[in-house]
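Note that this is a predicted model, so its numbers are computed, not measured. Order of the sequence lines fixes the chain letters, A, B, ..., with proteins taken first and strands second; residue numbering starts at 1 for each chain.
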Number of protein chains: 2
Amino acid sequence: MTAPRFPTVAVAGVGLIGGSFVAALRQAGQVGRVLGMGRNPLSLEKAQSLGLIDAIATPQEAARADLIMLAAPVGATGPLLGALAPYLGPNTIITDAGSTKSDVVASARAALGKHIGQFVPGHPIAGAERTGPDAAQAALYQDRTVILTPLPENTMADVRAVRDAWTYCGAHVIDMDADAHDQALAAVSHLPHLLASVFMTHIVRSPDAARRLALAGSGFRDFTRIAAGSPEMWRDIFQSNRSAMLTEIAALRDVLDESERAIRARDTAALQTLLQTAADARHQWEKERRA
Amino acid sequence: MTAPRFPTVAVAGVGLIGGSFVAALRQAGQVGRVLGMGRNPLSLEKAQSLGLIDAIATPQEAARADLIMLAAPVGATGPLLGALAPYLGPNTIITDAGSTKSDVVASARAALGKHIGQFVPGHPIAGAERTGPDAAQAALYQDRTVILTPLPENTMADVRAVRDAWTYCGAHVIDMDADAHDQALAAVSHLPHLLASVFMTHIVRSPDAARRLALAGSGFRDFTRIAAGSPEMWRDIFQSNRSAMLTEIAALRDVLDESERAIRARDTAALQTLLQTAADARHQWEKERRA
């Protein structure tokens, strides 16, 4: 039996994302001891009883780990790094799983100062509609994409270590520019989440919501699934990716207005063109995804 | 072996909805002979080779069936009934599977005149993102809800026969007023479909659509699944349910604007309230659905 790549890993926020990360590393035999830290003692105790973490740690203890994974809502990045910074081990590598990157990097720079090179930003593209340590599973990242947005200050060795960690989890790792990441994710992840939530809020506010909801079928089920995600986490994501979100919302509204005009004007040709464009794109996406 | 309840059933449009209906009736032993009619000869031949229909019929032949199921796009209701009306058997019952009811009933009244009592309007709440006879399956309606919106002119016996047909398919049948049906379905079925299509069209029109789509994950997959539905069918539904759709779009846009204002103003409390409302409603819906 070979020694694990990471003798000690600390995870801040042991929910679906952080818990699955350490579960996968453990399954791969690439971690020795796992420390958990976070704001919620009940959640940490649960994580420990599930065997996701070996011990609950203070920031001072966690800061000496070989690898620290930040898996709390992105708004907590600054405070978390601020708590870790004074005790940070010289060879400790920090990474994160935040859904936005430019804003996270700015927080990290402010909190870490000259130690910013120890922070390798990342983002696993994995479903997050379920939350908490109970939802964690070693297989979550199998065949999923993880995006790293390395900083000029990172060493190749540290970026390599984070890439390897994700590879042990079964993920495919790609590198991107942080801004390009944020705009792309605003489009294909954050905007759908906002729309699903906006739609669900609209429905539940309607006077006969109960009757409407009783008639909802499988299309509704799938369309609204992501609206069940953690409000706190998504509030942070929208805020953190504010500029890209505002661009996306404006562009989406233009197409919504276009569809409304077509329905109002009984312009069936325009309506069909819009629907055909959507259906063709969705079929094509499914096909490429399977390829 | 008892005789089937419906010696001859004719189905206009042998795709997912119509094909599954006759497949389920056949599996239940409640149909003798199944006739198919439609505009697409290839689709009809396919349906015959799959054993969904026993023969391809002219309107004149189909019009003498014991039960006729209209399962073509709702815009075809008037023309279809117009073609059947001159030959309609005196005891033939017609029903439909259209996603809108007020507009369908108006078309039926115009086409059938004094025979309108033979038309029992219906709507099975079942996924329709796959299309064509290949997608048909006897189990599609198992435990699904079917809404009937009976007319004052219907006989109790005819409504009972249509209700029984759906019950043989494994569905739960409820009665509603046509206008209430249309408003409720606009909200929980038609609006999500429009939003998914509008979103997908927005994405594919963006300059870096390919890169964005390559990063789309499971949230995107579920959110956009319904955008793959038949453009022709949904164009007809939106047009047919025009008034309810315009009401729903306006109300949805109000909530979208509210979310945009919150993001723009960095009003995290308002944003969280909106997201919490959505998440709570979605969790509650899932819970009640499972109960």
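B:S218 places a side-chain heavy atom less than 4.5 Å from the side chain of A:R144. Two residues are said to be in side-chain contact when any heavy atoms from C-beta on lie closer than 4.5 Å; A:I249 and B:L256 meet this criterion. Side-chain contact between B:D267 and B:R261 is absent, with no heavy atoms from C-beta onward closer than 4.5 Å. For the pair B:I263/A:R242, a side-chain contact is recorded, criterion being any heavy-atom separation below 4.5 Å from C-beta on.
Per-residue counts of heavy-atom pairs under 4.5 Å with chain B were compared for A:T277, A:L185, A:I174; the largest is that of A:T277. Of the listed residues A:L271, A:L252, A:D236, the one with more heavy-atom pairs under 4.5 angstrom with chain B than any other is A:L252. Comparing B:D257, B:T224, B:V204 by heavy-atom pairs within less than 4.5 Å of chain A, the highest count is held by B:T224. The choice from A:T145, A:I203, A:L215 that makes the most heavy-atom pairs within less than 4.5 Å of chain B is A:L215. Highest contact tally toward chain A, considering only B:I147, B:V198, B:L274, B:L191, is held by B:V198 [criterion: heavy-atom pairs under 4.5 Å]. In terms of heavy-atom pairs under 4.5 angstrom with chain B, the leader among A:S197, A:A250, A:A209 is A:S197. Your options are B:A281, B:A278, B:G75, and the one with the most heavy-atom pairs under 4.5 Å with chain A is B:A278. Looking only at heavy-atom pairs under 4.5 Å with chain B, the residue among A:H181, A:M176, A:H202 that has the most is A:H202. Chosen from B:P192, B:A186, B:A184, B:G217, the residue pairing most often with chain A at heavy-atom distances under 4.5 Å is B:P192. Contact count versus chain B (heavy atoms, under 4.5 Å) is highest, among A:E258, A:E286, A:M245, for A:E258. With chain A as partner, the option from B:R289, B:R211, B:R253, B:Q284 having the largest number of non-hydrogen pairs under 4.5 angstrom is B:R253.
Using a 4.5 Å cut-off between heavy atoms, B:R205 contacts chain A through its side chain alone, with no backbone atom that close. For B:R266, the parts lying near chain A are the backbone and the side chain together; criterion is any non-hydrogen pair under 4.5 Å. When heavy atoms are compared at a cutoff of 4.5 Å, A:D254 does not approach chain B at all. Of the two parts of B:D208, neither the backbone nor the side chain holds a non-hydrogen atom closer than 4.5 Å to a non-hydrogen atom of chain A. With a threshold of 4.5 angstrom between heavy atoms, B:E288 does not approach chain A through any atom at all. With a 4.5 angstrom heavy-atom cutoff, B:L194 touches chain A only via side-chain atoms. With a threshold of 4.5 angstrom between heavy atoms, B:A262 approaches chain A through N, CA, C or O but not through any side-chain atom. Contacts between B:S189 and chain A at a heavy-atom distance below 4.5 Å are absent for every atom of the residue.
Ring orientation note: the planes of A:W166 and A:F21 are tilted relative to one another, at an angle of 30° to 60°. In this structure, A:H193 and A:W234 have parallel ring planes: the angle between them is below the 30° cut-off, well short of the 60° mark.
Taking a 6.0 Å sphere around CZ of B:R39, one finds it holds 12 or fewer heavy atoms contributed by other residues, nucleotides or ligands.
At a cut-off of 3.5 Å, with distance as the only test, no side-chain donor of B:T100 or B:N241 sits close to an acceptor on the other residue. In this model, no donor atom of one side chain and acceptor atom of the other lie less than 3.5 Å apart for A:T268 and B:R235. A donor-acceptor pair shorter than 3.5 Å cannot be found between the side chains of A:Q183 and A:D179.
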* Full working for salt bridge (Lys or Arg N to Asp or Glu O under 4.0 Å) between B:D96 and B:K101 -> CA-CA 9 Å; B:D96 80 314; B:K101 295 274 66 81; 3.0 Å; yes

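Side chain of B:T77 to backbone of B:V74: a donor-acceptor contact under 3.5 angstrom is found.
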